[in-house]
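We name chains A, B, ... by the order of the sequence lines, and we start the count at 1 in each one. Reckoned from all heavy atoms, side chains included, excluding hydrogens, waters and symmetry mates.
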Number of protein chains: 2
Amino acid sequence: MGQDSSEEAPSRPLRADARRNVDALVAAAKAVFATSGVDAPVREIAAKAGVGLGTLYRHFPRRSDLVTAVFRHEVDACADEAPVLAAECEPAEALERWLYRCVDFVATKRGLAAALHSGDPAFDALPAYFERRFRPALAALLESAAAAGAIPADLDAMELLQAVSGLCYATDADRPDQARRMVALLVDGLRYRAAERPR
Amino acid sequence: MGQDSSEEAPSRPLRADARRNVDALVAAAKAVFATSGVDAPVREIAAKAGVGLGTLYRHFPRRSDLVTAVFRHEVDACADEAPVLAAECEPAEALERWLYRCVDFVATKRGLAAALHSGDPAFDALPAYFERRFRPALAALLESAAAAGAIPADLDAMELLQAVSGLCYATDADRPDQARRMVALLVDGLRYRAAERPR
DNA sequence: CGATTATATGGAGCGCCGTTCCGCTTATCA
DNA sequence: TGATAAGCGGAACGGCGCTCCATATAATCG
């Protein structure tokens with residue numbers, strides 16, 4: 001699917017060195033965010049990328065733009081796995097496994113969920129992108145599982161998605177299985193309802 | 001249960017002016033947090049209380065101590081409702097209703113959950129206090145419900161608590177019923193398991 | 001009621017943060 | 001190759017949490 005950078009207008013091509021620096025910055029940011037969290041100092045990222053602060057701010061006028069850039073890559077990677085799982089598993093199984101995949105996604109990117117809900121208007125575009133990629137992915141999985149009678153059909157995809165995100169966010173970083181257990185509990189809740197109120 | 005203030009050691013009584021300043025600081029912090037959120041500058045609180053920074057830091061060595069002080073009584077109020085509900089409802093019903101009560105609590109104090117899980121070691125004292133008050137409250141409810149066979153017995157209270165907190169946190173502020181629906185789903189997950197694997 | 005002393009105070013100052021600004025460098029192209 | 005626009009680095013700025021200590025004052029005692 002479209003991995004265009006989606007923020008560079010086609011106005012003019014970047015100069016070669018600029019292009020190189022942008023890539024280095026995104027790579028450095030991804031690494032630093034993974035190590036030190038999204039609150040890591042901007043200077044650290046610039047240093048790791050081997051560029052000056054001016055360069056960083058030329059390409060990412062705000063700190064949050066860097067976060068957004070990294071976030072989009074990860075979102076794409078995760079969303080694209082949904083159809084893969086759907087093709088190789090039973091519907092309910094695919095649903096559960098993709099949710100686990102989301103757990104890993106959020107867990108390793110701790111603080112991203114925090115940014116999403118920080119109320120900071122700088123991140124306003126982020127939930128929209130998240131929703132645009134994830135909602136269809138999950139909706140397809142839910143539909144299949146509902147058609148198979150494994151879960152009820154009245155569940156809103158975004159609602160479940162936000163729940164999973166919250167579950168991961170609230171979970172201890174040093175107990176990675178905890179979030180999975182809670183998600184499993186959520187899915188069992190769906191199964192309970194499917195059994196109680198079969199179509 | 002012990003509602004000692006837990007930071008005034010009984011070593012010596014505070015001097016009169018100090019006592020007055022502590023009260024002024026807590027009142028100012030409560031007002032400022034409500035207006036500008038928990039991330040409001042410390043200086044703003046000190047100014048509103050009419051004291052110097054040194055005074056503020058003497059009584060609340062870390063910013064989070066102020067946050068803790070302000071929210072402490074809210075936590076107590078919520079925790080103290082657990083035994084009340086336990087006395088007037090069926091075990092599973094009491095559990096579910098108290099979790100809803102937690103939802104309301106977290107929903108109104110949005111920034112607090114963020115602070116709790118910010119990963120910032122400065123807020124380490126906060127989760128400790130929440131755990132001290134909430135874990136026993138919830139553990140009692142879980143035990144009763146498990147004894148009645150309504151839910152399985154192998155659930156960790158803190159784990160469930162964190163899950164609920166995360167659910168509330170991830171939820172849209174303008175859709176207050178969403179978190180309740182997700183908590184209900186979680187509880188149904190417990191019912192499912194009790195039915196599948198009765199003791 | 002002073003005098004004494006432990007206690008409390010206030011705010012300048014420190015180091016770190018995100019962000020801005022601008023003189024210098026360099027890729028690009030006729 | 002020289003002109004020019006695009007890009008670059010890092011000093012500097014204001015704001016933050018927090019520390020430090022000279023000063024002020026409530027409590028205590030003769």
Side-chain angles (χ1 to χ4, degrees), chain A residues 5 7-26 28-29 32-33 35-70 111 114-115 118 120-123, chain B residues 7-26 28-29 32-33 36-70 111 114-115 118-126:
Chain A
S5 351
E7 61 204 1
E8 280 106 65
S11 57
R12 275 200 61 148
L14 276 180
R15 232 169 68 173
D17 54 346
R19 177 81 259 156
R20 217 180 315 128
N21 282 333
V22 168
D23 293 343
L25 277 167
V26 171
V32 169
F33 288 158
T35 319
S36 318
V38 278
D39 290 333
V42 168
R43 284 162 166 76
E44 188 180 338
I45 297 168
K48 181 149 205 153
V51 306
L53 269 178
T55 302
L56 187 154
Y57 274 95
R58 156 168 285 264
H59 297 299
F60 303 94
R62 295 173 186 242
R63 217 189 106 66
S64 58
D65 295 330
L66 211 37
V67 177
T68 303
V70 171
S118 63
D120 185 340
F123 291 109
Chain B
E7 64 199 2
E8 282 108 65
S11 56
R12 276 200 60 146
L14 276 180
R15 229 168 69 174
D17 54 345
R19 179 78 258 157
R20 215 180 317 128
N21 283 331
V22 168
D23 293 344
L25 278 167
V26 171
V32 169
F33 287 159
S36 317
V38 279
D39 289 332
V42 169
R43 282 173 228 268
E44 188 180 336
I45 297 168
K48 182 150 203 151
V51 305
L53 267 179
T55 303
L56 188 153
Y57 275 96
R58 156 168 286 264
H59 299 298
F60 303 94
R62 288 177 294 147
R63 223 178 140 289
S64 60
D65 294 331
L66 253 185
V67 179
T68 304
V70 168
S118 64
D120 186 344
F123 286 106
D124 275 356
L126 267 169

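Rounding to the nearest 0.5 angstrom, the gap separating the CG atom in D65(A) from the CZ atom in F123(A) is 8.5 Å. Here the CD1-CZ distance, from I45(B) to F33(B), works out to 4.0 Å after rounding to the nearest 0.5 Å.
At whole-Å resolution of the value, CG in N21(A) and C1' in dG7(D) are 9 Å apart. Protein atom CZ of F60(A) is 13 Å distant from nucleotide atom P of dG7(D), rounded to whole Å. Between the C1' atom of dT7(C) and the CZ atom of R58(B) lies a distance of 6 Å, rounded to the nearest Å. R19(B) places its CZ atom 14 Å from the C1' atom of dA8(C), with the value rounded to the nearest Å. For I45(A) and dG9(D), the CD1 to P distance is 15 Å, given to the nearest whole Å. Distance CD (E44(A)) to P (dG15(C)): 20 Å, rounded to an integer number of Å.
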At under 4.0 Å between heavy atoms, which parts of nucleotides 19-30 of chain C does protein reach? Answer with one letter per nucleotide, 5' to 3': B base, S sugar-phosphate only, - none. BB-----BSS--

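Looking at heavy atoms from C-beta onward, F60(B) lies in side-chain contact with V26(B) at the 4.5 angstrom threshold. Within the 4.5 Å cutoff, the side chain of V38(B) has no heavy atoms near those of the V70(B) side chain.
Within 4.0 Å (heavy atoms only), A47(A) reaches no atom of the nucleic acid at all.
No donor-acceptor pair closer than 3.5 Å links the side chain of T55(B) to the backbone N or O of V51(B).
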